[in-house]
Amino acid sequence: MSDKLTSIVRTVVPGAWAALVAWLVGLGLPAVITGWLSGLGGAVTELAALVVVYVFVRVIEPRLPAWLATLLLGVAKEPAYTPQNADGSFTITSAPSAPAANDLSFKSGETFE
């Protein structure tokens, strides 16, 4: 699975878990749990659930077995992003497959901002 698809899955799956949590809240959990959410509406409840679920899963992720991380995030492996240099620039590790815009070209190992 590509890194881009991995990052998408790892965003969408916690969103689905958050929707499930919001739906369960909507079923009428005790007022002690849901009282502070009353009157906020579905969208705000789902957003609050998404924030709580996503942050919780990402915080506990390093301590989870791979099967549970896969269940909660869709993919246990984190995507690998292009490393950024300390000064904010990026180093090209291989020549791009398509020509650059405006006839610009970059060589492998070249640094740009």
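Numbers for residues simply follow the sequence, beginning at 1.
To the nearest 0.5 angstrom, Leu68 atom CG is 12.5 Å from Arg63 atom CZ. Once rounded to the nearest 0.5 Å, the distance linking CG of Leu73 with OG1 of Thr6 reads 11.5 Å.
Residues Leu20 and Val53 fall within the same hydrophobic cluster, defined by Ile, Leu, Val, Met, Phe, Trp and Tyr side chains chained together at heavy-atom separations under 4.5 Å. Tracing side-chain contacts under 4.5 Å through hydrophobic residues (I, L, V, M, F, W, Y), one reaches Val21 starting from Ile60; they form part of the same cluster. Phe56 and Val9 end up in the same hydrophobic cluster when Ile, Leu, Val, Met, Phe, Trp and Tyr side chains are linked at under 4.5 Å.
Residues Gly15 and Leu50 come closest through the heavy atom pair CA-CD1, 3.6 Å. Of all non-hydrogen atoms in Lys77 and Asp3, the two that sit nearest each other are NZ-OD1, 3.3 Å. Scanning both residues, Ala66 and Ala76, for their nearest heavy atoms gives O-CB, 3.7 Å.
Using modelled atom types, one side-chain atom of Arg10 and one backbone atom of Val75 make a donor-acceptor pair closer than 3.5 Å. Side-chain N or O atoms of Trp17 include none that pairs as donor or acceptor with a backbone N or O of Val12 at under 3.5 Å.
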task: Before giving the answer on side chain to side chain contact (heavy atoms under 4.5 Å, CB included), spell out for Leu72 and Val13 the whole-Å C-alpha distance, their side-chain angles and the decisive distance to 0.1 Å.
output: CA-CA 7 Å; Leu72 296 174; Val13 171; over 6 Å; no

